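Note sheet for the following structure.
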Amino acid sequence: MKYTQLGRTGLKVSRLVLGTMNFGPQTDEADSHAIMDAALDAGINFFDTANVYGWGENKGRTEEIIGNWFAKSPDHRDKVVLATKVYGNMAADGESWPNHDKLSAVNIRRAVDASLKRLQTDYIDVYQFHHIDRATPFEEIWQAIDTLIQQGKILYVGSSNFPGYKIAQANEIAARRGGTIGLVSEQCLYNLAERRAEMEVIPAAQEYGLGVIPWSPLQGGLLGGVIKKEISGGRRASGRAADTLANPASRAQIQAYEDLLEKHGIEPGEAALAWLLTRPGVTGPIVGPRTAEQLDSALRAVELELSEEVLTSLDEIFPGPGPSPEAFAW
């Protein structure tokens with residue numbers, strides 16, 4: 001496994017991030033524990049989750065699965081850089097009680113204590129805001145975070161799904177307050193087929209020293225050889241991938257992508273991950289394996305070196321927006 005610093009911090013993290021969103025809803029606890037064992041054995045030390053994972057009436061279940069894994073082998077906790085998120089409503093399903101969601105000081109305090117209990121740990125390495133909260137000022141958010149850091153409950157803070165201007169706003173207010181390091185990472189939707197983050201989010205993250213953690217690196221399976229699997233009778237596309245393939249022009253684009261990689265003998269999913277690892281500012285993509293086999297494929301991507309010819313061809317198939325502001329100003 002290869003490692004890098006998380007943004008401007010001294011924290012060393014693996015170039016792949018283990019995403020756990022499938023733990024509970026699609027992968028049972030025993031298999032989830034086996035995947036975490038295999039990830040740690042392979043050198044992946046960065047695990048990502050969220051308080052709402054498990055979804056619906058099972059919100060919090062994913063954190064519980066991770067917590068049970070820590071309880072089985074307490075030495076694992078010191079080896080793992082643990083990241084979770086706060087924002088979603090954690091009240092019992094069907095209820096909309098005030099102050100049980102978003103980023104008010106009262107909800108941050110409640111949410112972090114609940115996550116610590118489910119995760120069976122006394123601290124969280126990277127506590128992430130799952131979304132922007134338009135109603136809560138960053139002065140209030142940072143005051144709550146400073147208290148948690150002083151209490152030793154969290155060490156670093158990251159964002160997720162933030163636009164560039166909110167990254168700037170958050171860190172400028174943190175700097176004015178003094179005593180807080182501000183955001184150190186941004187988790188955003190970013191992959192070959194979805195490159196809008198290159199316009200503002202990634203430049204802002206680089207300017208303020210945030211590590212970029214792409215989620216959905218395969219665009220919901222679209223970049224994982226979906227047409228080849230469809231033809232061979234394998235798992236059919238669903239959700240966002242199926243919607244994209246319904247468009248003839250988009251289907252032709254994905255076909256060109258798969259044809260290129262077949263010509264070079266490269267698996268599509270591995271190429272998509274390897275491409276992200278070449279991108280400026282990227283710490284590592286989140287991989288969310290449902291099975292041990294999917295984890296093995298992701299691990300191979302770390303060692304995959306894409307040639308200049310392949311990288312150029314990928315840019316031709318999936319052109320990015322170009323540099324900002326030139327892409328929209330000139």
Side-chain angles (χ1 to χ4, degrees), residues 2 15-19 21-22 26-27 35 39 42 44 187-199 202 212-322 327:
K2 297 176 182 177
R15 296 294 324 266
L16 288 181
V17 183
L18 181 68
M21 189 170 67
N22 291 321
Q26 297 191 46
T27 307
I35 289 171
I44 296 177
Q187 210 178 106
C188 59
L189 175 60
Y190 183 40
N191 55 59
L192 269 167
E194 176 48 85
R195 297 178 61 171
R196 284 179 293 177
E198 294 175 0
M199 290 285 283
I202 292 174
V212 175
I213 306 169
W215 61 265
S216 195
L218 303 187
Q219 188 68 351
L222 188 69
L223 300 171
V226 64
I227 295 177
K228 181 179 179 181
K229 292 174 184 176
E230 183 182 273
I231 293 172
S232 64
R235 185 169 178 260
R236 295 184 66 83
S238 60
R240 188 166 57 226
D243 292 342
T244 301
L245 290 180
N247 180 300
S250 297
R251 187 179 183 89
Q253 185 183 42
I254 299 303
Q255 186 67 67
Y257 165 71
E258 293 189 15
D259 289 346
L260 168 70
L261 297 175
E262 184 175 9
K263 171 186 172 183
H264 289 274
I266 304 172
E267 288 296 321
E270 294 170 20
L273 292 173
W275 177 83
L276 280 169
L277 292 172
T278 70
R279 305 308 298 167
V282 168
T283 298
I286 296 175
V287 295
R290 295 186 301 274
T291 66
E293 291 74 20
Q294 290 177 344
L295 176 62
D296 289 340
S297 176
L299 289 168
R300 289 193 293 272
V302 179
E303 303 302 326
L304 179 59
E305 296 285 343
L306 299 177
S307 68
E308 286 300 319
E309 178 187 355
V310 170
L311 289 170
T312 299
S313 297
L314 289 173
D315 266 336
E316 292 171 351
I317 295 170
F318 300 107

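Everything quoted here is computed from the prediction, not taken from an experiment. Residue numbers count from 1 along this sequence.
Atom-to-atom distance recorded for Asp243:CG and Leu222:CG is 10.5 Å, nearest 0.5 angstrom. Summarising the geometry, atom CD1 belonging to Ile213 is positioned 9.0 Å from atom SG belonging to Cys188; distances are rounded to the nearest 0.5 Å. With rounding to the nearest 0.5 angstrom, the CZ atom of Arg251 is 5.5 Å from the CG atom of Leu245. Taken to the nearest 0.5 Å, the CD1 atom of Ile254 stands 10.5 Å off from the CG atom of Asn247. Expressed to the nearest 0.5 Å, how far CD1 of Ile286 lies from CD of Gln187 amounts to 3.0 Å. With values rounded to the nearest 0.5 angstrom, Leu260 atom CG is found 5.0 Å from Ser313 atom OG.
The closest side-chain heavy-atom distance from Pro214 to Asn191 is not below 4.5 Å. Two residues are said to be in side-chain contact when any heavy atoms from C-beta on lie closer than 4.5 Å; Ile35 and Leu18 meet this criterion. Counting heavy atoms from C-beta on, the side chains of Gln253 and Thr244 never come closer than 4.5 Å. Inter-residue side-chain proximity for Leu314 and Leu192 is flagged as met; some heavy-atom pair is nearer than 4.5 Å. Residues Leu261 and Pro268 have side chains in contact (heavy-atom distance under 4.5 Å, counting atoms from C-beta outward).
Heavy-atom minimum distance, Gly221 versus Ala241: C-CB, 4.5 Å. Considering all non-hydrogen atoms of both residues, Leu218 and Ala272 come closest at CD2-CB, 3.5 Å. Closest approach of Leu189 and Ala197 over heavy atoms only: O-CB, 4.0 Å. Between Pro285 and Leu277, the shortest heavy-atom distance links the atoms CD-CD2, 3.7 Å. Scanning both residues, Leu276 and Pro217, for their nearest heavy atoms gives CD1-CB, 3.4 Å. Minimum interatomic distance between Leu295 and Ala39 (heavy atoms only, all atoms of both residues): CD2-N, 3.6 Å.
Side-chain rings of Tyr257 and Trp275 stay apart, their centers remaining 6.0 Å or farther from each other.
Glu194 contributes a side-chain N or O that, together with a main-chain N or O of Arg196, makes up a donor-acceptor pair within less than 3.5 Å. Under the 3.5 Å distance criterion, the side-chain polar atoms of Glu258 are matched with a main-chain donor or acceptor of Val226. Judged by distance alone, with hydrogens and angles left aside, the side-chain atoms of Arg290 form no donor-acceptor pair with the main-chain N or O of Gln26 at under 3.5 Å. In this structure, the side chain of Lys2 does not engage the main chain of Leu16 through any donor-acceptor pair within 3.5 Å. In this structure a side-chain-to-backbone donor-acceptor pair under 3.5 Å is present from Asn22 to Gly288.
Of the N and O atoms on the side chains of Tyr190 and Arg279, at least one donor lies less than 3.5 Å from an acceptor on the other residue.
Comment: Glu230 does not engage Lys228 in a salt bridge, judged by the lack of any side-chain N to carboxylate O separation of less than 4.0 angstrom.
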For residues 299-310, please give each side-chain donor-acceptor pair under 3.5 Å, one per line with the distance, not counting sequence neighbours.
unit_1 : atom_1 : unit_2 : atom_2 : d
Arg300 : NE     : Glu270 : OE2    : 2.9
Arg300 : NH2    : Glu270 : OE2    : 3.0
Ser307 : OG     : Val310 : N      : 3.1

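By the 6.0 Å contact criterion, CD on Glu262 is open, its count of non-hydrogen atoms from other residues, nucleotides or ligands being 12 or less.
Considering only residues two or more places apart in sequence or on other chains, Arg195 meets the salt bridge (charged side-chain N to carboxylate O under 4.0 Å, His left out) condition with Glu198, Asp315.
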